[in-house]
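For ligands, and for the atoms within them, numbers begin at 1 and follow the listed sequence. Owing to the predicted nature of the structure, the values given are computational and were not obtained by experimental measurement.
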Amino acid sequence: MIKNKKWKMKKHIPTIKDVLLEIEHHLNDKETILKTKILLMHSNDINNFGELDLKINQKMQGLEQFRVNFARLLNGEPVQYIISEATFFGNKFYVDERVLIPRPETEELTETIINDIEKEQNQQLTILDVGTGSGVIGLTIKKIKPQINLICTDISKDALDVAMLNADNLGIKAQFYQGDRLVPIITNKLKVDIIAFNMPYIKKNESVAKDVITYEPNQALFLPTEDFLKQFLKDVPLVKKDKITIYLEFGENQKEEIGKTIHDTIKTAKTTFFKDMQGKDRYVRIVYED
Ligand SMILES: C[S@@+](CC[C@H](N)C(=O)[O-])C[C@H]1O[C@@H](n2cnc3c(N)ncnc32)[C@H](O)[C@@H]1O
């Protein structure tokens with residue numbers, strides 16, 4: 001597509017603007033252009049769109065790698081995997097195909113948890129991030145509330161490796177356990193005040209975007225069994241202190257089913273549902289006291 005252009009020749013180094021204009025000339029899909037800008041920022045060690053505007057007339061760096069990355073983008077690969085990075089709550093997290101790409105909806109859930117913690121008298125809470133993936137929920141909370149005690153678990157050893165790398169990169173100390181839902185907590189006789197679980201919630205018969213299904217880990221996407229949440233909730237009494245607060249993120253249209261499962265499993269729980277920024281039912285807070 002852009003083969004014969006001057007900036008493709010070996011001796012002529014184009015500016016960032018040259019490359020961008022050339023691509024914009026051939027593409028009119030706004031989303032791909034936005035992602036291309038992210039690739040350009042990555043190649044040129046630029047941190048944000050404002051800085052990109054300021055440096056747009058600079059000579060392009062890393063042109064060869066940019067070409068490879070751009071081809072991967074056109075092939076449908078998520079930009080976060082191409083640059084091995086996702087921004088969550090203003091922090092940069094390493095990501096690759098071992099973990100789900102963190103979603104903006106999960107930032108909202110994390111913010112709700114942080115706001116709730118702020119209202120608590122006891123700030124030395126133990127927080128369990130189940131299915132931690134890249135670690136975004138737990139590590140973000142601990143970065144903002146360093147006094148909390150953080151435990152991260154995931155059934156995937158690969159995902160835990162990524163979460164541990166992110167903890168190191170952010171200079172955060174946490175405990176990491178591999179295992180199914182609450183099993184590692186029960187086995188190690190630990191008790192927690194708060195649980196956050198962004199569950200794998202897509203049902204097997206639901207349609208999923210091609211790039212998601214092709215690149216993101218199945219284990220992070222698909223609800224493994226019909227009674228997955230019920231079994232998880234049944235184990236909660238084994239890990240709770242006097243009181244426990246559980247935050248779940250779930251799929252749109254699952255509110256009723258989730259509400260029923262909670263009610264059937266923990267009768268005395270106080271549940272509050274929240275919508276995401278798009279107005280879709282997306283989260284629930286469950287407060288469980290004896
Ligand atoms: C939707 S992803 C969430 C990842 C991350 N917390 C986030 O919000 O970006 C679900 C995560 O749960 C993990 N998972 C799946 N089944 C699990 C199970 N039975 N026990 C613990 N973790 C599980 C997956 O490996 C994946 O990392």
* Asked: When you measure from the side chain of Glu51 to the backbone N and O of Asn47, does any donor-acceptor pair fall under 3.5 Å?
  -> yes

* Answer side chain, backbone, both or neither: which part of Tyr201 comes under 4.0 Å from ligand 1, heavy atoms only. => neither

* **Taking atom 1 (C) of ligand 1 as the reference point, the nearest protein heavy atom with its distance** => Ala220 O, 3.1 Å

* Asked: CD1/Ile56 to NZ/Lys37 distance, rounded to the nearest 0.5 angstrom?
  -> 7.5 Å

* Asked: Tell me, which protein residue and heavy-atom name are nearest atom 3 (C) of ligand 1, and how many Å apart are they?
  -> Asn198 O, 3.4 Å

* For atom 9 (O) of ligand 1, which protein heavy atom lies nearest, and how many Å away is it? -> Val136 CG2, 3.6 Å

* To do: Check if Pro200 has a non-hydrogen atom at a distance under 4.0 Å from any atom of ligand 1.
  => yes

* Structure fact -> Within 4.0 Å of some non-hydrogen atom of Gly179, the atoms of ligand 1 are 20 (N), 21 (C)

* Whether Met199 lies under 4.0 Å from ligand 1, heavy atom -> yes

* For atom 6 (N) of ligand 1, grab the closest protein heavy atom and report residue, atom and distance to one decimal in Å. => Gly131 O, 2.8 Å

* Asked: Looking only at heavy atoms, is any part of Thr106 under 4.0 Å from ligand 1, and if so is it the side chain, the backbone, or both, or is it neither?
  -> side chain

* **Taking atom 22 (N) of ligand 1 as the reference point, the nearest protein heavy atom with its distance** => Ile155 N, 3.3 Å

* **Lys119: partners by side chain to side chain contact (heavy atoms under 4.5 Å, CB included), with sequence neighbours left out** => Asp116

For residues 265-274, dump all side-chain donor-acceptor pairs below 3.5 Å to protein atoms at least two apart in sequence or in another chain.
{"from": "Thr265", "atom 1": "OG1", "to": "Thr261", "atom 2": "O", "distance (Å)": "2.5"}
{"from": "Lys267", "atom 1": "NZ", "to": "Asp264", "atom 2": "O", "distance (Å)": "3.4"}

* Asked: Can you get from Ile113 to Ile286 by hopping between Ile, Leu, Val, Met, Phe, Trp and Tyr side chains that sit under 4.5 Å apart?
  -> no

* **Of Ile151, Val239, Leu238, the residue whose pairing with Leu190 passes side chain to side chain contact (heavy atoms under 4.5 Å, CB included)** => Ile151

* Which heavy atom of the protein is the closest neighbour of atom 20 (N) of ligand 1, given with residue, atom name and distance? -> Arg181 N, 2.8 Å

* Is Asp154 near ligand 1, meaning one of its heavy atoms is under 4.0 Å from it? -> yes

* Under a heavy-atom criterion of less than 4.0 Å, does Phe88 contact ligand 1? -> no

* Structure fact -> Between Lys240 and Lys191 the two heavy atoms that sit nearest each other are O-CD, 3.5 Å

